[in-house]
Each structure stands twice: as C-alpha cells, then as structure tokens.
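Following: one structure in structure tokens, then a few remarks.
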Amino acid sequence: MEIRAIKTQRVLSPTQITLADYAINPYRGCEFGCIYCYALQNKNIRNNEEILGIKINAASVLEKELCYKLPKRVLLGSATECFQYKEMEYKITEKIIQLLNSRNIPYTILTKSHLIAEYLPIIAKNKRNKIYFTLNLHSNKLIKMFEKKTPAIEERIRVIKTITAHKIPLRVHIGPFIPYISSLEKIISLLPESIKEINVELYHHTMGNFTQVLNIIERNFGEDMRNKVNSVYKSRNNYLRFAETLEDRISKAQSKHRIKLFLIMPDFDDYYNEKINYGDNI
Ligand code: SF4
C-alpha cells in the first residue's frame with residue numbers, strides 16, 4: 001500500500017448515518033483491508049495499488065470549521081479506521097479527538113482496532129462519547145478470509161474489556177453480519193458479561209463488495225453455500241424469511257444473556273438507496 005500525505009479542504013462532512021450529524025474520516029483509504037468494506041468505492045487505487053491518504057492538515061482545518069459549525073455529535077470513522085497502524089505514527093485522530101474534547105463536542109467512534117486502547121483515557125474525558133466496537137466474525141480463520149490486517153479476536157476481546165474498565169459507553173457491533181457465515185451465538189459466547197448492548201447489522205450487499213465476498217465463500221465453503229448466501233438477497237420473500245429467523249435468534253439470545261440486541265436491517269427496497277439507519281438517532 002502506498003502511503004501519501006494529502007491536504008483536505010473539509011473535515012466535517014454531513015452524514016446520513018443516524019448516529020451523528022457530521023462524520024470525520026482522518027484517512028482516505030484503510031490499511032485493514034476488509035473485503036466487505038462499504039467504503040471501498042472511496043478508495044484511491046493507482047496501478048492496482050491502493051493508496052492510503054493521510055490528511056495531514058485535518059486538525060487545523062477542523063479548528064477553522066468549528067468557528068462556524070457546531071456539530072451536535074460527530075461520528076469518527078464512517079469510511080476509514082481511525083485507529084489504523086499509521087495513526088500510531090501520524091496521530092491525526094488523536095489531534096482531532098483533543099480538539100473535539102476541548103470544545104466539549106461528543107463523538108461516537110466506529111472501530112475494530114485494538115490500537116484504540118492507548119486513546120481510552122482521552123476518550124473517557126467526555127462522558128457522552130460512545131464506542132461501537134466491531135466483532136462480526138467468530139473465528140480468526142474467518143477473519144483471515146474476509147479481512148486482511150485487522151486484529152485477532154483475542155486482541156479485540158482484550159480491548160473490549162479495557163473500554164468497559166474505562167467506563168466508556170460501549171456497544172458491540174456485529175456488522176456486517178454475513179448470512180450463514182457470521183454466527184450470532186458464537187460471537188456472543190466470546191464476549192465478556194459486562195457487555196449489555198449489541199448491534200446486529202445485516203450485510204448491506206449493495207454497498208459492500210458482494211461478488212468478492214461470494215467468491216471467498218465459494219472458495220472456502222463451496223458453491224452451495226455461495227448460492228445459499230446469495231439467495232437471501234434474491235427476492236423479498238427470501239429476505240423476509242431470513243429476517244424472521246434472525247429476529248427469532250436475536251430474541252432467544254436476548255432472554256438467555258440479558259443483553260439488549262438491536263437489529264439493523266433495512267427494508268428490502270432500502271438497499272437501493274443510500275440510507276443507513278443505525279436505530280440510535282442523535
Ligand atoms: S476497518 Fe472499516 S474502513 Fe477499514 S477496511 Fe475494514 S470495514 Fe473498511
């Protein structure tokens with residue numbers, strides 16, 4: 001992956017995601033390289049090589065923007081991982097967090113990175129901040145299939161426990177939940193008892209790289225499994241049938257583990273517009 005310092009014109013982007021009114025993405029592209037990534041279309045590719053853009057002026061641009069924009073809440077990491085490996089060198093996210101803290105602007109972080117651990121003391125400074133931590137696959141074997149450089153399960157569980165220890169509001173995010181591949185029950189069994197809120201977000205096949213996901217499924221689980229996963233999205237009836245089964249599993253898990261589970265599953269037709277409703281409006 002080529003690393004390139006870039007200058008950005010704008011840091012606060014209005015977002016359709018219901019978690020915040022503005023999103024901030026300190027990087028363009030992402031080292032973690034998840035195959036199903038919804039943000040793939042935003043990536044820079046040149047000569048088949050992906051470029052990671054480091055928005056080196058992000059903090060100073062944000063500082064100016066905050067003179068005339070007052071976000072109610074900011075979403076950090078809607079189209080990149082804020083705590084990827086290069087962050088440890090460039091500290092763009094850290095500067096942004098410090099700035100938001102200094103203005104008392106709350107933020108919600110979407111991450112699957114163990115590297116967030118060293119930022120927890122500064123994130124904990126504003127009690128309204130919240131972390132959505134992703135664990136959508138239940139084995140390291142699956143993680144290797146669908147993600148390139150993300151942390152292993154053990155590291156993620158360790159950081160989930162540390163977030164709880166810092167008393168930062170936390171919701172585990174099982175998303176994207178890939179039908180017949182992600183196992184709700186197995187993921188829950190990996191989580192510490194302190195987890196009280198879980199999102200289950202069904203894979204948004206029109207946004208992620210569905211063909212490549214299906215190819216990986218076929219390579220590892222065979223053609224029947226590929227067809228089975230594909231069939232979920234083939235018709236409204238199939239989709240509703242799958243939804244019923246998933247809802248049933250969610251309600252069983254809810255009573256068994258005494259946790260709140262939130263299903264994020266658009267209406268069949270909503271797959272074809274840009275709406276992403278996380279069911280947690282600001
Ligand atoms: S960590 Fe998030 S932004 Fe990065 S590749 Fe994976 S899904 Fe995409």
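Below, each value reflects all heavy atoms present in this structure, side chains not excepted, and no hydrogens, waters or symmetry copies.
Using a cutoff of 4.0 Å between basic side-chain nitrogens and carboxylate oxygens, E89 and K86 are scored as salt-bridged.
Pairs of residues two or more places apart, or lying in two chains, that qualify as side chain to side chain donor-acceptor pair (under 3.5 Å) and include a residue from residues 97-110 are R73-T108, N101-Y107, N104-N126, Y107-N129. Screening residues 112-121 for side chain to side chain donor-acceptor pair (under 3.5 Å) gives Y36-K112, E87-Y119, K91-E118 as the qualifying pairs, with residues at least two apart or on separate chains. Screening residues 238-257 for salt bridge (Lys or Arg N to Asp or Glu O under 4.0 Å), with sequence neighbours left out, gives E185-R249, D248-K252.
Scored by the side-chain hydrogen bond (donor to acceptor under 3.5 Å, both in side chains) test, N227 finds no partners at all (sequence neighbours excluded). When the side chain to side chain contact (heavy atoms under 4.5 Å, CB included) test is applied to P121, the partners found at least two apart in sequence or on another chain are H166. Residues forming a side-chain hydrogen bond (donor to acceptor under 3.5 Å, both in side chains) with N237 (at least two apart in sequence, or on another chain): none. Among residues two or more places apart in sequence or in another chain, the ring pair (Phe, Tyr, Trp, His ring centres under 6.0 Å) test is passed with F177 by none. Partners of E193 by side-chain hydrogen bond (donor to acceptor under 3.5 Å, both in side chains), not counting sequence neighbours: none found. Evaluation of the ring pair (Phe, Tyr, Trp, His ring centres under 6.0 Å) rule for F242 yields Y180 as partners, not counting sequence neighbours. With sequence neighbours left out, the side chain to side chain contact (heavy atoms under 4.5 Å, CB included) criterion links K167 to no other residue. Looking at residues two or more places apart in sequence or on another chain, you find a ring pair (Phe, Tyr, Trp, His ring centres under 6.0 Å) between Y203 and F210. Applying the side-chain hydrogen bond (donor to acceptor under 3.5 Å, both in side chains) test to E63 and every residue at least two apart in sequence or in another chain returns nothing.
A heavy-atom distance below 4.5 Å is not found between the side chains of L191 and I259.
Between T150 and Y85, the closest heavy-atom pair is C-OH, 4.4 Å.
When ring centroids are compared, F268 and Y233 stay outside the 6.0 Å threshold.
Here the CG-CE distance, from L214 to M225, works out to 11.5 Å after rounding to the nearest 0.5 Å.
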